[in-house]
Amino acid sequence: MNLILFGPPAAGKGTQAKRLVSGRGYIQLSTGDMLRAARQSGTELGQKVAAIMDSGSLVSDEIVIALIEEQLDLNPDAPGFIFDGFPRTVPQARALDEALAGRGKQVDAVIRLKVDEAALIARIEGRFAEEGRADDNPEAFKKRLVAYNEQTAPLLPIYAEQGKLKEVDGMADVDTVTASIGSVLDAAGQGGGNG
Ligand code: AMP
């Protein structure tokens with residue numbers, strides 16, 4: 001069972017992915033976390049993407065696709081993957097389909113966390129105050145929302161066409177969102193624990 005958690009920055013994808021990991025044993029693949037780890041350990045890749053990330057733009061498809069393929073190969077027996085913050089462009093979505101198909105897998109469901117942009121901006125102000133992530137500053141965050149609307153949102157009709165898109169109210173409290181995601185997965189017969 002392979003799931004894409006879909007939604008704009010700060011919609012709560014990372015929080016929900018971590019809950020699915022502890023509740024259902026899936027493996028979270030967050031390209032944002034991978035890139036931040038690369039920066040923190042000072043690798044060549046980390047240095048290359050730092051300025052792009054801080055500005056709120058997307059790094060190249062090539063870079064994130066390679067990171068994802070590496071993780072798929074490192075975890076061949078995973079019960080399922082939760083893609084968090086990937087794919088973000090049409091070429092990334094195509095590459096994911098190919099990478100999974102080549103390993104006898106597929107994207108089973110895409111769960112969209114529906115959120116209100118004005119509320120997101122308020123949420124991110126709080127996160128910036130608490131965590132101080134450079135790309136959470138108001139200017140960079142606005143750019144991330146533009147990148148989402150222009151480059152990532154066009155994936156929604158593609159997944160809808162494939163019958164994989166499910167929507168969950170991302171404005172509800174964290175536990176309610178988790179429960180809604182769980183219901184969607186169970187209804188799709190992809191509950192992991194109870195099958
Ligand atoms: P995130 O934590 O997922 O919001 O990602 C933080 C930043 O990392 C983004 O604003 C991009 O600069 C970069 N990034 C993460 N995932 C991707 C992706 N799939 N494609 C391109 N850039 C990405």
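Read the numbers this way: they start at 1 and go in the same order the structure lists the ligands and their atoms. Values below: all heavy atoms of this structure, side chains included; hydrogens, waters and symmetry mates excluded. Here the structure is a predicted model, which is why all the values come from computation and not from measurement.
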N-O pairing of [X] and [Y] below 4.0 Å:
{"X": "Asp116", "Y": "Arg123", "result": "no"}
{"X": "Asp136", "Y": "Arg127", "result": "yes"}
{"X": "Arg103", "Y": "Asp73", "result": "yes"}
{"X": "Arg94", "Y": "Asp97", "result": "no"}
{"X": "Arg24", "Y": "Asp186", "result": "yes"}

Starting from [atom], which protein heavy atom do you reach first, and at what distance in Å?
{"atom": "atom 14 (N) of ligand 1", "value": "Leu35 CD1, 3.5 Å"}
{"atom": "atom 3 (O) of ligand 1", "value": "Arg88 NH1, 2.9 Å"}
{"atom": "atom 8 (O) of ligand 1", "value": "Met53 CE, 3.5 Å"}
{"atom": "atom 6 (C) of ligand 1", "value": "Arg36 NH1, 3.5 Å"}

Within the structure, does [X] bring an N/O atom to less than 3.5 angstrom of an N/O atom in ligand 1?
{"X": "Gln92", "answer": "yes"}
{"X": "Val59", "answer": "yes"}
{"X": "Thr31", "answer": "yes"}
{"X": "Gly85", "answer": "yes"}

For ligand 1, note which part of [X] has a heavy atom under 4.0 Å away: side chain, backbone, both or neither.
{"X": "Lys13", "value": "neither"}
{"X": "Thr89", "value": "neither"}
{"X": "Gln151", "value": "neither"}
{"X": "Ser57", "value": "backbone"}

Can you confirm whether Tyr159 sits close enough to Pro87 that some side-chain heavy atom of one is under 4.5 Å from a side-chain heavy atom of the other? yes

So do Leu3 and Asp108 actually touch side chain to side chain, heavy atoms under 4.5 Å? no

Determine yes or no for a side-chain-to-main-chain donor-acceptor pair under 3.5 angstrom, with Asn75 supplying the side chain and Ala78 the backbone.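 Not confirmed, Asn75 side chain does not pair with Ala78 backbone.
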
